[in-house]
Student: 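Quick one: the structure is below, questions incoming.
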Amino acid sequence: MTLAETVNNTNSTNPFLNLNYERALEDLGDDYYDEVTAAEFSQHILHWRNDALLPRLGLDPQLVKDEDFICAFGKFEGRKPLLALRYHGYQFGEYNPFLGDGRGFLYGQVRGTDGELYDLGTKGSGKTPYSRGGDGMLTLKGGVREVLAAEMLHHLGVRTSRCLSMIETGLSLWRGDEPSPTRSSVIVRMGRSHIRFGTFERLHYLRRPDLTQKLLDHVIEQYYPHLISEEDKYALFYADLVKRTAELVAQWMAAGFCHAVLNTDNMSITGESFDYGPYAFIPSYQPYFTAAYFDYYGRYSYTHQPSICKWNLEILQEALKAVINQADMQAGLARFDEHYQNEYRSMMLKKLGFEQLSHPEVDELLNLTIQFLQDSKVGYHEFFYEMAHTFSLKWRDEPGLIMADSDIVPASGTSEIFDNWCILYHKILNNFDPQQTNIIAQTLARYNPKTVILRPVIESIWEPIAQEDNWQPFYELIKRIQSGI
């Protein structure tokens with residue numbers, strides 16, 4: 001039996017290789033990508049398989065073997081072509097025309113059981129024409145961090161890509177920002193699109209309005225199909241992208257998440273969160289908390305995220321104006337703040353226990369919440385978890401009983417801000433009957449898990465991996481995240 005015959009025989013039994021892959025992006029033509037070859041690795045150790053995603057691909061997790069993951073997403077057998085997408089982007093405000101998929105490629109596109117088109121994209125799979133002197137690899141710690149970020153954000157209600165697999169690849173990598181040599185990995189993301197703001201910016205740079213319109217038609221057909229028959233579909237697309245992006249950054253802010261590198265090449269055209277590098281969850285409410293050590297001037301600090309995303313949308317207009325009327329785009333962008341505030345208010349109210357709330361003093365409650373968190377320096381996630389953990393029907397009786405059993409909040413009469421917050425929360429709570437109050441308790445528990453991956457938590461599970469190759473703390477942490485506890 002020849003090697004080719006061996007691969008074909010493997011392909012016939014591997015459920016990943018028998019999926020009905022679509023050619024949606026491939027059929028656009030090679031103006032948008034380069035065909036590449038995956039790196040060959042010295043070993044393949046599957047450390048993470050996201051069985052929760054398999055039913056969406058129409059697969060039964062019990063029928064998918066670890067070796068199926070390794071053959072498909074570590075050895076990359078049987079799938080061609082592998083596509084490295086071309087794009088540019090504004091990085092820290094400066095235009096960079098020397099970008100593109102430098103350590104990953106589009107493995108394939110699959111229609112999910114929900115009818116949505118999903119991209120399976122790699123990270124750490126080797127050099128491409130856009131590696132710019134890099135090795136095209138991903139550290140094992142980087143893979144661990146991305147798996148954790150995606151799962152944490154998903155379970156906090158953030159629209160995000162997720163990792164389908166993580167495989168250790170046996171290489172020793174040298175990195176200046178962590179102890180070297182360090183171990184290597186390759187991950188596969190499952191997300192809504194590989195197309196970025198920077199994909200369009202590249203076409204504008206090349207002065208190819210024909211390719212811009214072709215790509216825009218593709219994006220609308222695949223990801224905004226409700227607009228296909230609309231006469232002003234292009235303007236409506238941009239307005240919808242503004243709404244999706246504003247909602248996404250509002251979800252980050254409520255989750256206490258700092259992405260760290262909001263360059264336009266890291267902004268998805270579908271309004272989905274992806275590509276998690278030096279991210280961090282804020283330990284306390286620090287508006288100017290910055291996650292990336294190289295963000296010297298705090299451009300991408302926590303509090304700047306909404307304005308940066310709005311700026312990224314505004315600068316995208318330059319790339320889209322060959323197809324979309326700029327006045328229409330400005331009208332769409334003018335609603336960014338409204339969309340952001342609506343989503344942020346909704347997400348924060350859920351953290352306070354209210355799925356829906358039309359009380360006239362909602363904004364005052366939110367303002368008092370943020371003011372207390374900022375002034376007291378109490379843990380951001382700890383405060384909301386303590387609300388959920390100590391919640392009681394007795395809170396309806398008098399304001400002084402609210403969080404009275406918690407050690408992290410000031411005693412009654414020692415903080416005017418907190419006392420005012422308690423008075424207002426008590427007033428709103430008494431608009432609900434006892435049965436509805438039980439729903440508030442459930443909402444608090446749903447949106448405020450005890451487990452949050454602050455940096456010390458990540459380090460605590462990385463150390464046993466690095467020192468002893470002990471993955472049990474990692475798996476236990478993932479289980480807690482997915483269980484919402």
Student: Looking only at atom types and distance, does a side-chain atom of Ser406 sit under 3.5 Å from a main-chain N or O of Met403, one as donor and one as acceptor?
Tutor: no
Student: Do Ser301 and Thr303 pair up side chain to side chain, a donor and an acceptor below 3.5 Å, judged on atom types alone?
Tutor: no
Student: Salt-bridge test for Arg86 and Asp34: reply yes if a basic N is under 4.0 Å from a carboxylate O, no otherwise.
Tutor: yes
Student: Taking only residues at least two apart or on different chains, which pairs with a member in residues 308-333 satisfy salt bridge (charged side-chain N to carboxylate O under 4.0 Å, His left out)?
Tutor: Lys310-Asp337, Glu318-Lys321
Student: Under a 3.5 Å threshold, yes or no: a donor from one side chain and an acceptor from the other, between Thr270 and Ser193?
Tutor: no
Student: How long is the straight-line distance from CD of Gln472 back to CG of Leu477, given to the nearest 0.5 Å?
Tutor: 11.5 Å
Student: Among side-chain atoms of Glu247 and Tyr344, is any donor-acceptor pair under 3.5 angstrom?
Tutor: no
Student: Check whether more than 12 heavy atoms from other residues, nucleotides or ligands sit under 6.0 Å from atom NE2 of His389, and answer yes or no.
Tutor: no
Student: Rounded to the nearest 0.5 Å, what separates atom CZ in Arg162 from atom OH in Tyr118?
Tutor: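 Arg162 CZ to Tyr118 OH: 10.0 Å, rounded to 0.5 Å.
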Student: Report yes or no: is the cationic atom of Lys351 (NZ for Lys, CZ for Arg) under 6.0 Å from the centre of the six-membered ring of Phe384, at an angle within 45° of the ring normal?
Tutor: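 Checked: cation-pi criterion met.
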Student: So Met267 and Leu262, side chain to side chain contact (heavy atoms under 4.5 Å, CB included) or not? Walk me through it.
Tutor: CA-CA 7 Å; Met267 300 291 293; Leu262 289 177; 4.1 Å; yes
Student: Could you tell me how the ring of Phe41 sits relative to the ring of His44: parallel (under 30°), tilted (30 to 60°) or perpendicular (over 60°)?
Tutor: perpendicular
Student: Using ring pair (Phe, Tyr, Trp, His ring centres under 6.0 Å) as the criterion, list what pairs up with Tyr205, not counting sequence neighbours.
Tutor: His88, Tyr95
Student: Keeping the roles fixed (side chain from Ser307, backbone from His304), state whether a donor-acceptor pair exists under 3.5 Å.
Tutor: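 At least one qualifying donor-acceptor pair exists.
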Student: Looking at Asn448 and Ala388, would you say the former's side chain and the latter's main chain have a donor-acceptor pair under 3.5 Å?
Tutor: no
Student: Any donor-acceptor pair under 3.5 Å linking the side chain of Thr264 with the backbone of Tyr90?
Tutor: yes
Student: Could you go step by step and tell me if Thr443 and Phe354 meet the side chain to side chain contact (heavy atoms under 4.5 Å, CB included) rule?
Tutor: CA-CA 7 Å; Thr443 304; Phe354 307 111; over 6 Å; no
Student: Could Asp135 and Arg175 be called an ion pair, given the rule that one side-chain N must be under 4.0 Å from one carboxylate O?
Tutor: yes
Student: Would you mind checking if Lys233 and Asp240 are paired as a salt bridge, meaning a charged N to carboxylate O distance below 4.0 Å?
Tutor: no
Student: When you look at NZ of Lys377, are more than 12 heavy atoms from neighbouring residues, nucleotides or ligands closer to it than 6.0 Å?
Tutor: yes
Student: Any ion pair linking Glu338 and Arg335 (charged N to carboxylate O, less than 4.0 Å)?
Tutor: yes
Student: Relative to Phe69, does Arg49 satisfy both conditions: NZ or CZ under 6.0 angstrom from the six-membered ring centre, and within 45 degrees of the ring's axis?
Tutor: no
Student: Please tabulate, for side-chain N and O atoms in residues 286-293, each donor-acceptor pair with protein atoms closer than 3.5 Å (sequence neighbours left out).
Tutor:
| residue | atom | partner | partner atom | Å |
| --- | --- | --- | --- | --- |
| Gln286 | NE2 | Ser284 | OG | 2.9 |
| Thr290 | OG1 | Tyr288 | O | 3.3 |

Student: Anything under 30° is parallel, anything over 60° is perpendicular, the rest tilted; go ahead and classify Phe76 against Tyr107.
Tutor: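 The rings of Phe76 and Tyr107 sit tilted, inter-plane angle from 30° to 60°.
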Student: Only one of Thr122, Val186, Leu120 forms a side-chain contact (heavy atoms from CB on, under 4.5 Å) with Phe73, so which one is it?
Tutor: Leu120
Student: Students often mix this up, so state it plainly: with edges at 30° and 60°, are the rings of Tyr340 and Phe336 parallel, tilted or perpendicular?
Tutor: parallel
Student: Report the C-alpha separation of Arg103 and Met137 in whole Å, then their side-chain angles, then the decisive distance to 0.1 Å, and conclude whether the side chain to side chain contact (heavy atoms under 4.5 Å, CB included) test is met.
Tutor: CA-CA 6 Å; Arg103 53 175 173 172; Met137 302 301 175; over 6 Å; no
Student: Within the structure provided, determine whether Thr128 and Phe105 are in side-chain contact (heavy-atom separation under 4.5 Å).
Tutor: no
Student: Hey, does the side chain of Ser346 reach the backbone of Asn342 with a donor-acceptor pair shorter than 3.5 angstrom?
Tutor: no
Student: Any salt bridge between Arg196 and Asp101, counting N to O under 4.0 Å?
Tutor: yes
Student: Got a list of side-chain donor-acceptor pairs under 3.5 Å for residues 364-371, not counting sequence neighbours?
Tutor:
| residue | atom | partner | partner atom | Å |
| --- | --- | --- | --- | --- |
| Asn367 | ND2 | Asp363 | O | 3.2 |
| Thr369 | OG1 | Leu365 | O | 2.7 |
| Thr369 | OG1 | Trp421 | NE1 | 2.9 |

Student: Atom OG1 of Thr414 and atom CG of Asp419: how far apart are they, to the nearest 0.5 Å?
Tutor: 6.5 Å
Student: Without placing hydrogens or testing angles, list every side-chain donor-acceptor pair under 3.5 Å for residues 274-282, not counting sequence neighbours.
Tutor:
| residue | atom | partner | partner atom | Å |
| --- | --- | --- | --- | --- |
| Asp275 | OD1 | Lys123 | NZ | 3.1 |
| Asp275 | OD1 | Arg189 | NH2 | 2.8 |
| Tyr276 | OH | Thr160 | OG1 | 2.5 |
| Tyr276 | OH | Ser273 | O | 3.3 |
| Tyr276 | OH | Ser273 | OG | 2.6 |
| Tyr279 | OH | Arg145 | O | 2.7 |

Student: For the residue pair Tyr223 / Glu116, report whether a side-chain donor-acceptor contact shorter than 3.5 Å exists.
Tutor: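 The criterion, which ignores hydrogens and geometry beyond distance, is not satisfied for Tyr223 and Glu116.
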Student: Just verifying a value: how many Å separate Phe383 CZ and Leu352 CG, rounded to the nearest 0.5 Å?
Tutor: 7.0 Å
Student: Taking the side chain as every heavy atom from C-beta outward, state whether Asp375 and Tyr285 have any pair of such atoms under 4.5 Å apart.
Tutor: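 Result no, sub-4.5 Å side-chain heavy-atom pair not found.
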Student: Answer yes or no: is there a donor N or O on one side and an acceptor on the other, between the side chain of Arg56 and the main chain of Asp114, under 3.5 Å?
Tutor: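 Not a single qualifying donor-acceptor pair exists.
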Student: Count the heavy atoms of every other residue, nucleotide or ligand shown that sit under 6.0 Å from CD of Gln330, and state whether that count exceeds 12.
Tutor: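 Above 12, so yes.
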Student: Is there a side-chain contact between Asp265 and Thr199 in this structure, where contact means two heavy atoms from C-beta onward sitting under 4.5 Å apart?
Tutor: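 Result no, sub-4.5 Å side-chain heavy-atom pair not found.
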Student: For the residue pair His155 and Pro449, establish whether any side-chain heavy-atom pair is separated by less than 4.5 Å.
Tutor: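 Not touching, per the 4.5 Å side-chain cut-off.
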Student: Scan for salt bridge (charged side-chain N to carboxylate O under 4.0 Å, His left out) pairs involving residues 281-291, sequence neighbours excluded, and state none if there are none.
Tutor: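 Those involving residues 281-291 do not exist here.
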Student: Does Val144 offer a backbone N or O that forms a donor-acceptor pair with the side chain of Trp48 under 3.5 Å?
Tutor: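 Between the backbone of Val144 and the side chain of Trp48 there is no qualifying donor-acceptor contact (under 3.5 Å).
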Student: Below 30° counts as parallel, above 60° as perpendicular, anything between as tilted: where do the rings of Trp252 and His259 land?
Tutor: tilted
Student: I want to check something: taking the side chain as every heavy atom from C-beta on, are Val409 and Glu386 in contact at a cut-off of under 4.5 Å?
Tutor: no
Student: In this structure, are over 12 heavy atoms from other groups packed under 6.0 Å from Tyr297 atom OH?
Tutor: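 Atom OH in Tyr297 is not crowded, with 12 or fewer foreign heavy atoms closer than 6.0 Å.
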Student: Is Asp407 atom CG crowded by more than 12 heavy atoms from other residues, nucleotides or ligands, each under 6.0 Å away?
Tutor: no
Student: Quick one: does any side-chain atom of Ser131 pair with a main-chain N or O of Gly133 as donor and acceptor, under 3.5 Å?
Tutor: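 Between the backbone of Gly133 and the side chain of Ser131 there is no qualifying donor-acceptor contact (under 3.5 Å).
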Student: Taking the ring centre of each residue, are Tyr87 and Phe200 less than 6.0 Å apart?
Tutor: no
Student: Would you call the rings of Phe237 and Tyr224 parallel, tilted or perpendicular if under 30° counts as parallel and over 60° as perpendicular?
Tutor: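 If you compare the ring of Phe237 with that of Tyr224, the planes turn out perpendicular.
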Student: Short question: side chain of Tyr33, backbone of Glu26 - any donor-acceptor pair under 3.5 Å?
Tutor: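 Confirmed, Tyr33 side chain pairs with Glu26 backbone.
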Student: I'd like to know if the side chain of Asp295 reaches the main chain of Tyr300, judged simply by a donor and an acceptor atom lying under 3.5 Å from each other, with no hydrogens or angles considered.
Tutor: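 Judged by distance alone, yes, a pair lies under 3.5 Å.
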Student: With a 4.0 Å cut-off, would you call Glu459 and Arg455 a salt bridge?
Tutor: no
Student: Would you call Pro97 and Arg202 a side-chain contact if the rule is heavy atoms closer than 4.5 Å?
Tutor: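 A side-chain contact under 4.5 Å is absent here.
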Student: Is any side-chain heavy atom of Phe391 closer than 4.5 Å to a side-chain heavy atom of Ile402?
Tutor: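 Answer no - side chains too far apart.
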